[in-house]
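Residue numbers start from 1 in every chain, and the chains themselves are labelled A, B, ... in the order their sequence lines are given, proteins ahead of strands.
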There are 2 protein chains.
Amino acid sequence: MQSPPTQFNQNHLLAALSPAELERLKPHLELIHMPLGDVLCESGGRLSYVYFPTSAIISLHYILENGSSSEVAGVGNEGMLGISLFMGGENTPTWATVQTAGYCYRLKGPLLLQEFNQGGPLQRVLLRYTQALITQISQTAVCNRHHTIEQQLCRWLLLTLDRLNSQELVMTQELIASMLGVRREGITEAAGKLQQAEIIRYRRGHITVLNRAGLQGHVCECYDVVKKEFERLFRDVKKS
Amino acid sequence: MQSPPTQFNQNHLLAALSPAELERLKPHLELIHMPLGDVLCESGGRLSYVYFPTSAIISLHYILENGSSSEVAGVGNEGMLGISLFMGGENTPTWATVQTAGYCYRLKGPLLLQEFNQGGPLQRVLLRYTQALITQISQTAVCNRHHTIEQQLCRWLLLTLDRLNSQELVMTQELIASMLGVRREGITEAAGKLQQAEIIRYRRGHITVLNRAGLQGHVCECYDVVKKEFERLFRDVKKS
DNA sequence: GCCATATTGTGCGCTAGCGTACATACTACG
DNA sequence: CGTAGTATGTACGCTAGCGCACAATATGGC
């Protein structure tokens, strides 16, 4: 395993704070490792911390009455978990689990809220992030309706790749299937095609992306929409 | 046509403002009629007004490169159009069109922003609404993945019904199909079943709901999730 | 090095929904 | 009152993805 990513600015939101804000928060930011599968928040549950991933990826997903599930958005080093704390309502019908093991900074909810209510750049950044998250969720809705499993797999792989430094994801087909809300066999088939095209290599819980451009050739428009929105978020934030 | 709904409190968000806030805004709130199909915002376009529907319903939807479309959320008298104004980012990849003709109060964007930045109850209400909107969009994503056209039609009818005072919607099957992102024939079939079960009556662009409980018997869990979230929104708002 | 277990591959038949084409029936408007 | 145009009904073959069953294979722990 690589050494833990201990720079605050490895999370883009923390990186976008004003120096004064970051100094105030620093003593309370706690670096923790999050193991795969860890449940951070159940449906209707209350978060006592907010999490700023540096290398971990968290999945926001909904679990149906019949037990099947599907992801509505992911949270990586571009974002944070726990927007409902400052948006109000305290909890959501959504679950949050660790989809890729790694590190997060966490911060006690009330502290974040206090800083948010000052109305400084942090507020602006967090609201802007929430807007980008809305775009991501919307695009998931559209993609679920209109695109093939293969296209969705490519979208998902690219988004996940963008949140990592590495070309390799630790991830079973079963897990990907439950994220996309499809059968595991559907992923086997789509991944098989990508492997034949030498775009990815698969080995028992590890996917290596050999040819990123290849993925982009198979992905639907949804990936670009989400990606551009995140780029815009950080462009805007810098301007401020 | 009924007489226009001219009470500010017919929009639940306006109704939830503090008296002082409402007094400040009142002189600037302009009641306007919105005809069916009116495009309020194109993808990437900038809104100069925010809209608080009283009897109109606005659809937030995405249009794919190939021309097909699907709705990610609706906005009726429970909400407002234009959250990106205070969330930041100014625009979204989403379109906003009038799905049911009716009335809205509109307000110049900068005025809303100014009030929002005061950090009073209005800010709290709008953020809380945005949280509920996120739930609605998330549930659309889940529903698109897992539920049948019939279930989705029921969800959509119930949500629309909740935003109206009437049991009759003015709505062609073609339009519903483009909302749900499915074929028109799919709606014909699903609506036919509901009609046989004497739950709705269909006549050329008009749907009358005969038996609301019947709809609830055919709907998926998604409707309840969204509905409860909106109820919670206004419960919370009253508490404050 | 071996084995239990988790993971992936494959092959059915089945269904929902798509795309297309065309027939029918309202209804608004002249 | 007739007609043009819009809205709805229906039919048919096709495909993606499902549900299920089971075979094959890697891997970590002993």
Side-chain angles (χ1 to χ4, degrees), chain A residues 1 35-37 64 66-70 99 101 141-157 168-197 200-208 218 220, chain B residues 1 35-37 64 66-70 99 101 141-157 168-197 200-208 218 220:
Chain A
M1 179 170 309
L36 177 65
L64 294 162
N66 70 16
S68 56
S69 82
S70 69
Q99 170 215 304
V142 171
C143 203
N144 281 355
R145 166 66 73 216
H146 292 283
H147 297 131
T148 63
I149 292 186
E150 188 181 352
Q151 290 176 307
Q152 295 183 50
L153 175 60
C154 290
R155 166 176 66 86
W156 193 89
L157 287 174
E168 184 179 325
L169 344 184
V170 179
M171 186 65 56
T172 66
Q173 298 186 347
E174 185 77 50
L175 189 49
I176 297 180
S178 84
M179 297 284 127
L180 296 186
V182 299
R183 283 185 320 155
R184 194 264 314 160
E185 291 87 335
I187 300 297
T188 303
E189 193 189 336
K193 279 191 202 164
L194 295 177
Q195 180 146 234
Q196 283 197 333
I200 63 173
R201 199 176 52 220
Y202 222 111
R203 58 162 256 281
R204 239 189 135 65
H206 299 253
I207 312 175
T208 310
H218 286 71
C220 49
Chain B
M1 177 166 314
L36 178 65
L64 293 162
N66 71 14
S68 56
S69 82
S70 68
Q99 171 216 302
V142 171
C143 202
N144 281 354
R145 165 67 75 215
H146 291 284
H147 297 133
T148 63
I149 291 186
E150 189 181 353
Q151 290 175 308
Q152 294 181 50
L153 175 60
C154 291
R155 167 177 64 86
W156 192 90
L157 286 174
E168 183 177 325
L169 344 184
V170 180
M171 186 66 57
T172 66
Q173 299 186 346
E174 186 78 48
L175 189 48
I176 297 180
S178 85
M179 297 285 129
L180 296 185
V182 300
R183 283 183 321 154
R184 194 264 312 158
E185 291 87 339
I187 300 298
T188 303
E189 194 189 336
K193 279 190 203 165
L194 294 177
Q195 180 146 233
Q196 283 197 334
I200 64 172
R201 198 176 52 220
Y202 222 111
R203 61 162 252 280
R204 237 189 135 66
H206 298 253
I207 312 175
T208 309
H218 286 72
C220 50

Show the numbers, then the answer: is there a side-chain contact (heavy atoms from CB on, under 4.5 Å) between B:H218 and B:L194? CA-CA 9 Å; B:H218 286 72; B:L194 294 177; 4.2 Å; yes
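- Residue A:R145 has no polar side-chain atom (N or O) positioned under 4.0 Å from OP1 or OP2 of C:dG17.
- Nucleic acid contact for B:E185: base, since at least one base atom lies under 4.0 Å from a heavy atom of the residue.
- Between the side chain of A:R183 and the base of D:dG19, at least one donor-acceptor pair of N or O atoms lies under 3.5 Å.
- Residue B:K193 contributes atom NZ, which lies 14 Å from atom P of D:dG9 at whole-angstrom precision.
- Between A:M179 and A:S70, the closest side-chain pair of non-hydrogen atoms is not below 4.5 Å.
- When the P atom of D:dG9 is taken as reference, atom CD of B:Q195 falls 7 Å away, rounded to whole Å.
- The residue among A:H206 and A:G181 whose nearest nucleotide of DNA chain D is located toward the 5' end is A:G181.
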Please lay out, stage by stage, how A:Q152 and B:R145 fare under the test side-chain contact (heavy atoms from CB on, under 4.5 Å). CA-CA 12 Å; A:Q152 295 183 50; B:R145 165 67 75 215; 2.4 Å; yes
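- Residue A:G205 is in sugar-phosphate contact alone, with no base atom involved, counting any heavy-atom pair closer than 4.0 Å across all strands shown.
- Checking C:dT8, C:dG11, D:dG17 against every side-chain atom of A:T172, the shortest atom distance belongs to C:dT8.
- When the nearest nucleotides of DNA chain D are assigned to A:Q152 and A:R203 by heavy-atom distance, the more 5′-ward of the two goes with A:Q152.
- Once rounded to the nearest 0.5 Å, the distance linking CD1 of B:I176 with CH2 of B:W156 reads 5.0 Å.
- Nearest to the side-chain atoms of B:R204 among the listed nucleotides C:dA6, D:dG5, C:dG17 stands D:dG5.
- Note: A:H147 NE2 to A:C220 SG = 4.5 Å, rounded to the nearest 0.5 Å.
- In this entry the distance linking CD of B:E150 with P of C:dG17 reads 9 Å, nearest Å.
- Phosphate contact (OP1/OP2 of D:dG9, side-chain N/O of B:Q173, threshold under 4.0 Å): present.
- Put simply, CD on A:E174 is 20 Å from P on D:dT25, counting in whole angstrom units.
- Computed from coordinates, the A:I200 CD1 to C:dT8 C1' distance equals 13 Å when rounded to whole Å.
- When the C1' atom of D:dA16 is taken as reference, atom CG of A:L180 falls 15 Å away, rounded to whole Å.
- With distances taken from any side-chain atom of B:R184 to the nucleotides D:dG9, D:dC20, C:dT8, the minimum falls on D:dG9.
- In this structure, the NE2 atom of A:H146 is 14 Å from the P atom of D:dG17, given to the nearest Å.
- Remark: C1' of C:dT15 and CD of B:E189 are 12 Å apart, rounded to the nearest angstrom.
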